[in-house]
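Reviewing the structure listed below.
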Amino acid sequence: MDQKNKELAKIFNRIADALEFQGANVFKIIAYRKAARVLDELSQDVEVLSKTNKLSDLPGIGKAIAGKINEYLTTGKMKKYEEVTKDIPGTLFDMLDIQNLGPKTLALAHKKLRVKNLNDLKKAIKNGRLAKLPQMGEKKVENIKQGLDLYERAHERLSIAVAQNVAREIIEYLKKNTEIKDISAAGSLRRWKETVGDIDILTTGKNGAEIIKIFTKFPMTERVLAAGETKSSIIVKGGIQVDLRIVKPKSYGAALQYFTGSKAHNIKLRNIAKSKGLKLSEYGVFKGKKMVAGKTEKEVYKILGLAYVPPELREDRGEVELALKNKIPKFIEMKDIKGDLHMHSTYSDSTATIRQLTDFAWRFNYEYILVTDHSQSAKYAHGLEPKRLYKQWKEIDKINKRSKKSRVLKGVEVDILKSGKLDYPDKILKRCDVVVAAIHQGFTKNVTERICAAMDNPYVDIIAHPTGRLISQREGYAINLHKVMEHAAQTGTWLELNAYPDRLDLNDVYLKIAKEMDIKISIGTDAHSIGALLWMKFGVAQARRGWLEAKNVVNTYSLKKLQTMRKINKNRIE
DNA sequence: GCCGTTTTCGGCCCGACTGTTTTCAGTCG
């Protein structure tokens with residue numbers, strides 16, 4: 001989906017890399033990067049915008065870049081791209097990801113030492129020639145070498161679940177061993193981004209150097225990258241980088257705002273500050289030399305004339321404009337969730353019995369849960385043939401008899417088979433309270449058509465993990481998500497936001513599109529253990545990042561309402 | 001290369017840290 005959007009984003013980023021490498025005008029580079037980001041997150045098809053001459057309406061895309069987009073869409077090529085990348089070996093671009101090795105140094109090494117790839121770089125380090133270049137020295141080379149080590153350890157972005165755990169441990173450690181008052185994770189972790197590059201932690205305290213000394217002695221520390229008075233970076237076990245910043249209490253809000261980002265969001269804010277004759281930095285909002293705000297984030301936004309923007313929204317996807325007009329809606333929260341619509345029991349491949357699932361789930365004050373074990377073809381997951389399914393239903397009936405307040409619903413996660421048929425006949429699906437359908441086989445075979453066919457079935461309520469991606473592990477199915485979403489809107493089928501941290505599928509950008517298309521979303525944990533029921537929070541955070549309000553999410557509705565909203569009932573009522 | 005309630009030219013967010021320097025460049029966030 002949006003293949004061209006992504007392709008063009010990559011190309012513009014590559015052009016930016018090349019220009020950086022050549023030492024071109026910094027602002028030109030920024031312009032290309034911005035265009036790349038806008039395209040990457042665009043909720044419309046770039047080809048449609050191109051045909052209707054609307055490209056230049058997009059922020060960051062002017063006449064020149066619009067022209068390049070049109071050129072690429074019509075000819076499949078872009079002269080500028082070919083020109084700037086002509087003399088740079090492709091392998092060099094990837095090397096820009098090596099820490100402490102920036103475009104300037106890499107260009108110099110390329111020019112003077114003919115470094116073209118990782119091996120060349122290693123040689124240049126070993127034989128001492130890199131250290132002899134101007135502005136270089138032993139320590140710089142040592143830092144590059146360490147960056148190279150990290151890079152070679154397949155430095156991947158962390159899943160948000162892992163990052164949250166590490167951050168929690170460090171915060172607890174610092175609280176125990178130092179005299180700090182305010183402390184918080186910042187950065188993409190605080191924005192609940194699905195993956196996190198490194199962990200940012202912000203705190204206030206009097207003796208910065210002392211706090212940093214203790215920070216660098218965190219038991220899991222592998223290496224200390226920097227340790228100053230107010231700022232320190234360490235690498236902890238697993239190659240995870242953790243940055244700590246210390247500010248004065250009066251700057252805490254401004255600093256939290258600043259270090260939470262995103263960068264694009266912050267740049268917008270700084271521009272707004274400027275237009276009001278103010279200056280915004282991590283130390284506060286200043287009018288001339290006088291500090292006028294900074295203790296809390298709320299007052300920072302307020303003095304800029306903006307409504308408070310929740311961290312999950314801060315991606316420069318229109319939230320600043322909304323905040324200027326004071327039109328930030330009330331987004332979904334954990335307390336809106338009335339049930340979990342995707343989980344497994346020991347009947348198929350989970351470690352939790354239905355009894356355990358219910359006991360645990362009722363702690364969250366849910367009104368209902370939907371048990372959705374795998375269907376018969378999913379042999380690997382001990383999928384249920386009809387006989388065992390009926391047995392499970394009997395057990396559910398028993399449990400429901402005892403509970404007055406909450407209800408266990410009978411569901412299935414029915415496989416969409418390679419043939420395009422569903423793994424249970426309609427007469428079984430008909431008897432379920434809610435039906436979840438999903439692809440678990442044939443990831444490349446007519447996936448779009450098969451999912452659409454499943455949505456045509458009147459008993460299928462939800463398509464689970466619609467793209468099938470596993471973050472950092474597997475690309476999604478070969479699927480035309482545009483078509484799938486259109487068909488979901490037409491048939492009134494709900495799409496899942498799978499809260500499993502490695503899935504988070506649909507992602508934030510598509511959720512926002514789904515909202516615009518008035519498609520209802522179902523958040524399910526896909527729990528295979530009782531602990532995984534807690535993952536609902538990742539789903540809700542992702543939903544907020546996709547601008548979803550409670551009304552867009554079916555499991556914020558009461559059970560009664562939920563039932564009337566099913567396809568089969570809706571048709572009868574409306 | 002983008003953009004406009006000072007502007008169609010001249011800005012473009014702002015600062016910390018490090019290492020190599022003798023006043024600053026490169027990198028990072």
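Per chain, numbering begins at 1; letters A, B, ... match sequence-line order. As the structure is a computational prediction, the values presented were derived from the model and not from experiment.
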For Ile61(A), which contact category applies under a 4.0 Å heavy-atom criterion: base, sugar-phosphate, or nothing?
sugar-phosphate
Report the relative orientation of the aromatic rings in Trp535(A) and Tyr500(A); use parallel for angles under 30°, tilted for 30 to 60°, perpendicular for over 60°.
perpendicular
Just so I know, are the side chains of Leu322(A) and Pro329(A) near enough to count as touching, which here means a heavy-atom distance under 4.5 Å?
yes
Would you tell me if any nitrogen or oxygen in the side chain of Asn143(A) comes within less than 4.0 Å of OP1 or OP2 on dG19(B)?
yes
For Pro103(A), answer base if it contacts any base atom (sugar-phosphate contacts may also be present), sugar-phosphate if it contacts only those atoms, and nothing otherwise; contact means non-hydrogen atoms under 4.0 Å.
sugar-phosphate
Whether Asp508(A) and Arg317(A) form a salt bridge (side-chain N of Lys/Arg under 4.0 Å from carboxylate O of Asp/Glu) is what I want to check.
yes
Per the atom types in the model, does the base of dG29(B) pair as donor or acceptor with the side chain of Tyr258(A) at under 3.5 Å?
yes
Does a nitrogen or oxygen in the side chain of Thr230(A) sit under 4.0 Å from OP1 or OP2 of dC17(B)?
yes
Mate of dC17(B) across any strand shown (Watson-Crick or G-U wobble, both atom pairs under 3.5 Å) is dG26(B)
Does this structure show an ion pair linking Glu210(A) with Lys217(A), if we count only N-O contacts that are shorter than 4.0 Å?
no
Reckon Lys28(A) has a side-chain N or O less than 4.0 Å from the OP1 or OP2 of dC12(B)?
no
Per Ser281(A) side chain, nearest of listed nucleotides dC14(B), dG29(B), dG1(B)
dC14(B)
